[in-house]
Protein chains: 2
Amino acid sequence: MKLITRDTDYAMRALIFLAQQKNRVISVSELVRELKTPRPFSRKILQQLNKAKILRSFKGNHGGFILAKKPKEIFLVDLIRVFQGPLELNECIFKKKICPNRNCCVLRNRISRIENKVLAELGAITVGSLLKE
Amino acid sequence: MKLITRDTDYAMRALIFLAQQKNRVISVSELVRELKTPRPFSRKILQQLNKAKILRSFKGNHGGFILAKKPKEIFLVDLIRVFQGPLELNECIFKKKICPNRNCCVLRNRISRIENKVLAELGAITVGSLLKE
DNA sequence: CTAAATGATACTAATATAGTATCATTTAGT
DNA sequence: ACTAAATGATACTATATTAGTATCATTTAG
Ligand code: FES
Ligand code: FES
């Protein structure tokens with residue numbers, strides 16, 4: 001079971017790098033030179049982050065990307081949601097057969113608790129919290 | 001993010017069904033008639049459970065499967081491990097670049113805590129705990 | 001001997017993840 | 001106005017994982 005896919009991983013790295021550049025507009029070329037991540041893939045990811053309003057983009061010559069939010073306001077969970085869809089561990093797993101009345105299913109309760117825990121822990125991680133000085 | 005794949009799901013259903021049959025040997029035919037799961041797939045799953053010593057099998061005419069353990073001793077985590085491999089949320093996600101000293105990486109610590117929580121919650125779920133009387 | 005079962009194993013199909021390619025559009029600099 | 005350097009949008013390809021099938025060998029009750 002993977003908690004984080006590569007999109008999310010690269011996105012986080014890119015965001016941390018951008019955060020370190022303090023509002024300088026950074027092009028994909030510059031970014032991949034630094035991070036050594038595959039260029040077109042990285043580009044796609046930045047574009048998605050732009051659509052998600054986590055980045056702001058500038059077109060044309062000398063264009064590129066900057067953070068649209070403060071590092072402390074960019075949460076890992078948000079990235080997960082952008083690239084991996086909603087975090088639903090919760091969805092009923094054992095359909096009809098096993099779960100007679102869904103409200104009190106042992107499984108369901110426990111899985112909800114897991115989900116809450118995951119959200120709480122991940123919800124505390126931001127780009128800011130991973131920045132090294 | 002899916003916590004449980006279909007193998008694990010079907011396996012759990014099969015085990016619950018077998019538990020309800022109280023030591024009667026059940027053939028795949030009988031099982032899929034009841035559970036309505038795809039036959040050859042279900043068969044493969046039962047064979048895997050047999051290899052994992054969660055089931056015992058009997059060959060030949062009137063053969064089939066019975067539980068090799070008490071329902072309370074069959075844990076959901078075990079099934080997850082059989083069908084989905086080890087539950088490693090933990091593996092380092094952001095390699096070199098982000099994590100200078102791995103022992104104190106914020107992320108790593110939090111993810112370990114998530115993993116522990118997941119294990120604790122799942123570790124409490126057995127076939128027995130899901131049996132309806 | 002035979003029918004009904006599992007064992008072992010190889011194959012196929014569908015879906016999700018990872019990544020590429022291409023063309024249109026924008027814009028700073030000359 | 002032209003050009004080079006950038007992003008926007010979108011379609012495509014490749015790889016891995018998940019889901020499922022097919023087949024033949026072996027075992028065994030009757
Ligand atoms: S798994 Fe959905 S109610 Fe039990
Ligand atoms: S993610 Fe591995 S040490 Fe930080």
Side-chain angles (χ1 to χ4, degrees), chain A residues 1-14 18 24-33 35-66 68 79-80 82-88 91 93 95, chain B residues 1-14 18 24-33 35-66 68 79-80 82-88 91 93 95:
Chain A
M1 200 180 103
K2 244 184 310 178
L3 199 55
I4 282 167
T5 59
R6 208 166 306 175
D7 319 79
T8 308
D9 179 343
Y10 288 173
M12 186 51 107
R13 297 194 211 184
L18 289 174
R24 253 182 70 225
V25 174
I26 305 291
S27 71
V28 172
S29 305
E30 197 173 346
L31 188 129
V32 303
R33 199 179 310 130
L35 299 187
K36 271 129 192 152
T37 50
R39 188 168 205 286
F41 193 38
S42 306
R43 205 167 149 227
K44 189 166 75 172
I45 289 168
L46 293 185
Q47 288 184 351
Q48 285 175 277
L49 288 172
N50 179 48
K51 272 193 186 163
K53 313 223 171 172
I54 292 166
L55 291 181
R56 244 187 95 192
S57 75
F58 297 89
K59 289 195 195 174
N61 199 349
H62 301 321
F65 300 87
I66 59 172
L79 304 185
I80 292 181
V82 168
F83 296 105
Q84 311 180 37
L87 183 64
E88 285 162 338
E91 261 186 285
I93 1 185
K95 314 289 155 44
Chain B
M1 199 181 103
K2 245 186 306 179
L3 200 54
I4 281 166
T5 59
R6 209 168 304 176
D7 319 78
T8 307
D9 179 342
Y10 288 173
M12 186 51 108
R13 297 193 213 184
L18 289 174
R24 254 182 69 225
V25 173
I26 305 291
S27 70
V28 172
S29 305
E30 196 172 345
L31 189 130
V32 303
R33 199 180 310 128
L35 299 188
K36 272 130 193 150
T37 50
R39 190 168 203 285
F41 192 38
S42 306
R43 203 166 152 231
K44 189 165 77 171
I45 288 168
L46 294 185
Q47 289 183 350
Q48 286 175 275
L49 289 173
N50 179 46
K51 274 194 183 161
K53 315 224 170 172
I54 293 166
L55 291 181
R56 244 187 95 193
S57 76
F58 297 89
K59 289 193 194 177
N61 200 350
H62 302 320
F65 300 86
I66 58 172
L79 304 185
I80 292 181
V82 168
F83 296 105
Q84 311 179 38
L87 183 65
E88 286 162 335
E91 261 186 284
I93 0 183
K95 314 287 153 48

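In what follows, chains carry the letters A, B, and so on, assigned in the order in which the sequence lines appear, proteins first and then strands, with residues in each chain numbered from 1.
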Notebook entry, point to check: So what does B:G60 touch, heavy atoms closer than 4.0 Å: a base, only the sugar-phosphate, or nothing?
Noted result: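 Since a base atom lies under 4.0 Å of B:G60, the category is base.
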Notebook entry, point to check: Using a cut-off of 4.0 Å on non-hydrogen atoms, how would the nucleic acid contact of B:P40 be classed: base, sugar-phosphate, or nothing?
Noted result: base
Notebook entry, point to check: How close do A:Q84 and A:T5 get, heavy atom to heavy atom, and via which atoms?
Noted result: NE2-N, 3.1 Å
Which donor-acceptor pairs under 3.5 Å do side chains of residues 41-63 of chain A form with protein atoms, sequence neighbours excluded?
from, atom 1, to, atom 2, distance (Å)
A:S42, OG, A:T37, OG1, 2.8
A:S42, OG, A:P38, O, 2.5
A:N50, OD1, A:S57, N, 3.4

Margin query: Distance check needed: C:dT27 P versus A:F65 CZ, whole Å only.
Written below: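 Those two atoms, CZ and P, are 14 Å apart.
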Next item on the list: Mind calculating the distance between OH (A:Y10) and C1' (C:dT17) to the nearest angstrom?
Entry: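 That distance rounds to 12 Å.
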Item checked: D:dT26 pairs with, by Watson-Crick or G-U criteria that keep both distances under 3.5 Å -> C:dA5
Note to self: Suppose we define a pair by two distances each less than 3.5 Å, Watson-Crick or G-U wobble; what does D:dG20 pair with here?
What the structure shows: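 Paired with D:dG20, as far as the under-3.5 Å criterion goes, is C:dC11.
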Check: Between B:K44 and B:I26, who's closer to the 5' end of DNA chain C by nearest nucleotide?
Finding: B:I26
Check: So which one's nearest nucleotide on DNA chain C is more toward 5', A:H62 or A:R6?
Finding: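 Looking at DNA chain C, the more 5' nearest nucleotide goes with A:R6.
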Note to self: Run B:L18 and B:L31 through side-chain contact (heavy atoms from CB on, under 4.5 Å) and show every step you take.
What the structure shows: CA-CA 8 Å; B:L18 289 174; B:L31 189 130; 4.3 Å; yes
Item checked: Euclidean distance, A:R13 CZ relative to A:D9 CG, rounded to 0.5 Å ->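 Rounded to the nearest 0.5 Å, the CG-CZ separation comes out at 4.0 Å.
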Check: Could you give the distance from CZ (B:R24) to CD (B:E30), rounded to the nearest 0.5 Å?
Finding: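 If we round to the nearest 0.5 Å, B:R24:CZ and B:E30:CD are 4.5 Å apart.
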Next item on the list: On DNA chain D, check which nucleotide each of A:S27 and B:N61 is closest to and give me the residue with the more 5' one.
Entry: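 In this pair, the answer is A:S27.
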Next item on the list: Heavy atoms of chain B, cut-off under 4.0 Å: which first and last nucleotide of DNA chain D, 5' to 3', fall inside that, if you could look?
Entry: D:dA19 to D:dG30
Checklist line | Worked verdict on A:I4 versus A:F83 for side-chain contact (heavy atoms from CB on, under 4.5 Å) | finding: CA-CA 9 Å; A:I4 282 167; A:F83 296 105; over 6 Å; no
